[in-house]
Protein chains: 2
Amino acid sequence: MKITYKGDYALKTILDLAGHFGSAPVAINDLSKRLDIPTKFLEQILLDLKRAGFVESRRGKIGGYSLAKEPAKITLGEVVRFIDGPIGPIACVDKQYSGCHDVESCVFRNIWSQVGNSISKIIDQVTFEDLLKRTNKANKTFNYQI
Amino acid sequence: MKITYKGDYALKTILDLAGHFGSAPVAINDLSKRLDIPTKFLEQILLDLKRAGFVESRRGKIGGYSLAKEPAKITLGEVVRFIDGPIGPIACVDKQYSGCHDVESCVFRNIWSQVGNSISKIIDQVTFEDLLKRTNKANKTFNYQI
DNA sequence: TGTATACTCTACTAACATAGTAGAGATTAT
DNA sequence: ATAATCTCTACTATGTTAGTAGAGTATACA
Ligand code: FES
Ligand code: FES
């Protein structure tokens, strides 16, 4: 697994939208400024996320994006997989990989499988509600220290 | 973490050399044929592995490569890190990553860190002796079934 | 109805990484 | 000597990433 900029941006964007869940939609421009993501790049990312059903949009004057489901119903893993592809550390765990012939007797494949599973166990379990709570807590702590 | 062809080839090569540990050096050509790796590519990989101290070489007529340490003293993690770089799923866990500003308060960083640790726990623990044993066992089982 | 605002869609591009290939050179056993 | 084998540097084709560009569509509101 490798988290690209696109993936990183997508996650940060969804977390931001999670923070506005239930309120008015948020404009790309606001997200772009707040999260420091190139506007035109973010446009594309949001379109992808919309097509996948993670977010929904509203056009026109008071338009913008909002989360399509409750933050508790979106996991980190879903988003990562959608944007950055399968979790496995090598293609042979997920699909064809021309370096692998003896798939049956290969001792490495088993390891890569274990690695994939242990990653999944982490990211498929944490939702954006969890992350939201942690953010709030982090900010509170931060304010207290000042 | 992403295992590239180069990394995959390196691991398979070292495992092969582990199987010949203590015996005569193995020629690149033999490895190349047996493991189905492009010869000139394998040359480069073996030079890298040599410079890193994983293997040693002998030139001339009966030359070839052999493992520089006991199979039990080389872990999967060492080789993977050397060939394919750091384990973390995102650069910010290992080094500078321009998408990350608020490193202190970022809720994702903690997750990526967990992911990295859980990968490390697997690959830093398994040695090529372990893999060798498993290969032998796999082959025995295979023969038995025939 | 006009217009500003905001999302939609397709195409293009620069930079980098990957997976090799090519070829000349150095060492060693016989 | 010479054949076999490792050594080293440079080159290249392909794909991926991280954007940019620009024209088009929908909506609120005066
Ligand atoms: S690494 Fe894919 S089967 Fe061995
Ligand atoms: S993802 Fe790097 S600090 Fe948040």
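Because only heavy atoms are used, hydrogens play no part in the values below, and waters and symmetry mates are left out as well, while side chains stay in. Numbers restart at 1 for each chain; the letters A, B, ... are given by sequence-line order, proteins then strands. All of these numbers come straight from a predicted model, not from anything done at the bench.
Atom CG in A:Leu47 sits roughly 13 Å away from atom C1' in D:dG24 (whole-Å rounding). When the C1' atom of D:dA18 is taken as reference, atom CG of A:Leu46 falls 16 Å away, rounded to whole Å. Taking atom CG of A:Leu49 as the reference point, atom P of C:dT8 lies 12 Å away to the nearest angstrom. The separation between A:Lys50 atom NZ and D:dA26 atom P is 11 Å, rounded to whole Å. Atom CD1 in A:Ile83 sits roughly 13 Å away from atom C1' in D:dT17 (whole-Å rounding). In this structure, A:Lys33 places its NZ atom 13 Å from C1' of C:dA6, rounding to the nearest Å. Atom CG of B:Leu42 and atom C1' of C:dA22 are 17 Å apart (whole Å). The CD atom of B:Gln44 sits 12 Å away from the P atom of D:dA10 (whole-angstrom rounding).
When the nearest nucleotides of DNA chain D are assigned to A:Phe41 and A:Arg59 by heavy-atom distance, the more 5′-ward of the two goes with A:Phe41. Checking B:Arg51 against B:Tyr97, the closest nucleotide of DNA chain D that is more toward the 5' end is the one next to B:Arg51. Nearest-nucleotide mapping onto DNA chain C: of B:Gly60 and B:Lys2, the residue sitting toward the 5' end is B:Lys2.
Taking a cutoff of 4.0 Å between a charged side-chain nitrogen and a carboxylate oxygen, A:Asp8 and A:Lys12 qualify as a salt bridge. Looking at A:Asp48 and A:Arg51, a side-chain N of the basic residue comes within less than 4.0 Å of a carboxylate O on the acidic one, giving a salt bridge.
Side-chain nitrogen and oxygen atoms of A:Tyr9 include none within less than 4.0 Å of the OP1 or OP2 phosphate oxygen of D:dA18.
Checked by distance alone, B:Lys40 brings a side-chain donor or acceptor within 3.5 Å of a matching partner on the base of C:dG23.
Distances were taken from every side-chain heavy atom of A:Tyr65 (C-beta onward) to each of C:dC7, C:dC9, C:dA29; the shortest belongs to C:dC7. Counting only heavy atoms from C-beta on, B:Ser57 has its side chain closest to D:dT7 among D:dA18, D:dT7, C:dG20. For B:Glu43, counting side-chain heavy atoms from C-beta on, the closest listed nucleotide (D:dC8, C:dT5, C:dT8) is D:dC8. Distance from the side chain of A:Thr4 is smallest to D:dT17 among D:dT20, D:dT17, D:dT7. Ranking C:dA19, D:dC29, D:dC6 by closeness to the A:Ile62 side chain, first place goes to D:dC29.
B:Val26 comes within 4.0 angstrom of sugar-phosphate atoms only, judged by non-hydrogen atoms across all strands, and of no base. Backbone-only engagement by A:Ile28 is indicated by non-hydrogen atom pairs under 4.0 Å involving sugar-phosphate atoms exclusively.
Side chains of A:Thr4 and A:Asp84: a donor on one and an acceptor on the other come within 3.5 Å.
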For this session: Evaluate side-chain contact (heavy atoms from CB on, under 4.5 Å) for A:Trp112 paired with B:Ile123, printing each intermediate quantity in order.
Result: CA-CA 9 Å; A:Trp112 305 145; B:Ile123 66 176; 4.3 Å; yes

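We find the CD1-CD1 distance between B:Ile119 and A:Ile111 to be 13.0 Å, quoted to the nearest 0.5 Å.
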